[in-house]
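First up is the structure itself, then whatever we jot down about it.
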Amino acid sequence: MQALQVLSLALLSVLAAKAQTLRPGKCPQPPVQANFDAARYLGKWYEIKKLPAVFQKGECTTATYSLESPGVVGVLNRELLADNTVSVITGYAKAKDPSEPAKLEVSFFEDSPPGNYWVLSTDYEGHSVVYGCTDILGSFHADFAWILSRESTLSEEKLEELYDVFTSNGIDIDVMTVTNQSQELCADMPLWA
């Protein structure tokens, strides 16, 4: 038992050092977008804000979704790293349960478990509020949260409205960070990468 506690603390220390958002207890179960229509969600989204995540290190981050096959959405994530290289990762998303189409599972690597990608709110044409969570050893959870937009900016008024989607469901977003989408930084990001 003591070895498990030491391992748990070591894992938590590593994740905390890598800027992952850890919370005590199990993952919250917020409601998702009613009548979610994946076909209307396809296309390019700009990341406006996010909770820090170990797998995201860049700016100018975008996600582009395409229909791969019935029920399967292709995912193309791009970000500009500090050394001016572009990081690109592809994967796919699909609903685990067709009766809950807004609760997607995203896979990027064949041998790793999928991650949750739950669309809590979207108007399809302007904004999307996305949440994911992973339980860690039953005592903690790692939160993932994104605010996305079809444009590279959102008004402060709209952001305040979208923050409430998280906070009203018990999701702490106090350490959410802004993704730099400035024209000066992002204009030179190659489209082909």
Side-chain angles (χ1 to χ4, degrees), residues 21 30-53 55-81 84 86-95 100-108 114-133 143-169 171 173 175-193:
T21 308
V32 294
Q33 175 85 21
N35 303 311
F36 179 71
D37 182 353
R40 293 180 62 199
Y41 199 75
L42 302 178
K44 185 175 183 177
W45 290 92
Y46 293 86
E47 180 184 272
I48 304 300
K49 293 192 94 173
K50 68 175 175 287
L51 284 178
F55 51 84
Q56 284 190 277
K57 297 175 178 58
E59 303 294 342
C60 307
T61 307
T62 61
T64 304
Y65 304 109
S66 59
L67 186 61
E68 291 293 310
S69 62
V72 179
V73 174
V75 179
L76 170 67
N77 290 344
R78 300 173 71 236
E79 65 181 342
L80 183 63
L81 301 177
N84 284 326
V86 178
S87 173
V88 178
I89 189 166
T90 60
Y92 66 91
K94 60 183 178 179
E100 294 183 295
K103 288 186 175 182
L104 299 163
E105 290 186 333
V106 180
S107 297
F108 290 102
N116 292 333
Y117 183 101
W118 292 5
V119 180
L120 303 186
S121 172
T122 187
D123 65 359
Y124 302 101
E125 297 171 7
H127 75 270
S128 181
V129 176
V130 179
Y131 179 68
C133 189
D143 282 323
F144 306 94
W146 299 271
I147 294 175
L148 307 175
S149 174
R150 293 291 191 182
E151 302 294 326
S152 60
T153 62
L154 277 175
S155 70
E156 281 301 317
E157 180 181 347
K158 177 53 82 174
L159 284 170
E160 289 296 327
E161 178 186 321
L162 300 178
Y163 296 153
D164 189 53
V165 175
F166 292 117
T167 58
S168 66
N169 288 295
I171 301 167
I173 57 166
V175 296
M176 202 169 235
T177 61
V178 174
T179 301
N180 188 342
Q181 294 285 359
S182 70
Q183 182 66 21
E184 296 80 20
L185 179 65
C186 304
D188 294 330
M189 190 163 138
L191 295 174
W192 46 265

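Sequential numbering from 1 along the given sequence is applied to the chain's residues.
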Q. Do the side-chain N and O atoms of Tyr131 and Asn116 include a donor-acceptor pair separated by under 3.5 angstrom?
A. no
Q) Looking at residues at least two apart in the chain, or sitting in another chain, which of them share a side-chain contact (heavy atoms from CB on, under 4.5 Å) with Lys50? A) Glu47, Gln56, Trp146, Thr177, Thr179
**Q.** Donor-acceptor under 3.5 Å (Glu79 side chain, Lys57 main chain)
**A.** yes
Q) Do Glu100 and Trp118 come within less than 4.5 Å of each other through their side chains, counting heavy atoms only? A) no
Q) Atom CG of Leu51 and atom CD1 of Ile171: how far apart are they, to the nearest 0.5 Å? A) 9.0 Å
Q) So how far is it from Glu59 CD to Thr61 OG1, rounded to the nearest 0.5 Å? A) 6.5 Å
**Q.** Value rounded to 0.5 Å, distance of CZ in Arg150 from OG1 in Thr122
**A.** 7.0 Å
Validation: residues 123-130 side-chain donor-acceptor distances under 3.5 Å, sequence neighbours left out:
residue : atom : partner : partner atom : Å
Asp123  : OD1  : Glu125  : N            : 3.3
Asp123  : OD1  : Gly126  : N            : 2.7
Asp123  : OD1  : His127  : N            : 2.8
Asp123  : OD2  : His127  : ND1          : 3.3
Tyr124  : OH   : Asp37   : N            : 2.9
Ser128  : OG   : Tyr41   : OH           : 2.7

Q.
So for atom CD, which belongs to Glu68, do other residues, nucleotides or ligands contribute more than 12 heavy atoms lying within a distance under 6.0 Å?
A. yes
Q. How far apart are the C-alpha atoms of Thr90 and Leu76, what are their side-chain angles, what is the distance that settles it, and do they pass the side chain to side chain contact (heavy atoms under 4.5 Å, CB included) test?
A. CA-CA 5 Å; Thr90 60; Leu76 170 67; 3.6 Å; yes
Q. CG/Leu80 to CD/Gln181 distance, rounded to the nearest 0.5 angstrom?
A. 10.0 Å
Q: Please confirm whether the backbone N or O of Ser182 pairs with a side-chain atom of Asn180, one donor and one acceptor, at under 3.5 Å?
A: yes
Q: Could you check Cys60 against Leu185 for side chain to side chain contact (heavy atoms under 4.5 Å, CB included), going step by step and ending with a plain yes or no?
A: CA-CA 8 Å; Cys60 307; Leu185 179 65; 3.7 Å; yes
Q.
Less than 4.5 Å apart, side chain to side chain, heavy atoms only: is that true for Cys133 and Asp143?
A. yes
Q. Rounded to the nearest 0.5 Å, how far apart are CZ of Phe166 and CE of Met176?
A. 4.0 Å
Q) What are the two closest non-hydrogen atoms of Ala53 and Phe144, and how far apart are they? A) CB-CD2, 4.1 Å
(Q) Could you check whether any side-chain heavy atom of Leu162 comes within less than 4.5 Å of a side-chain heavy atom of Leu154, counting everything from C-beta outward? (A) yes
Q. Say you draw a straight line from OH of Tyr46 to OG of Ser152; how long is it, rounded to the nearest 0.5 Å?
A. 6.0 Å
Q.
When you compare the side chain of Tyr65 with that of Val75, does any pair of heavy atoms fall below 4.5 Å?
A. yes
**Q.** Asn169 side-chain N/O to Val165 backbone N/O, donor-acceptor pair under 3.5 Å
**A.** yes
Q: Kindly indicate whether the side chain of Val73, heavy atoms from C-beta on, has any atom under 4.5 Å from the side chain of Leu104.
A: no
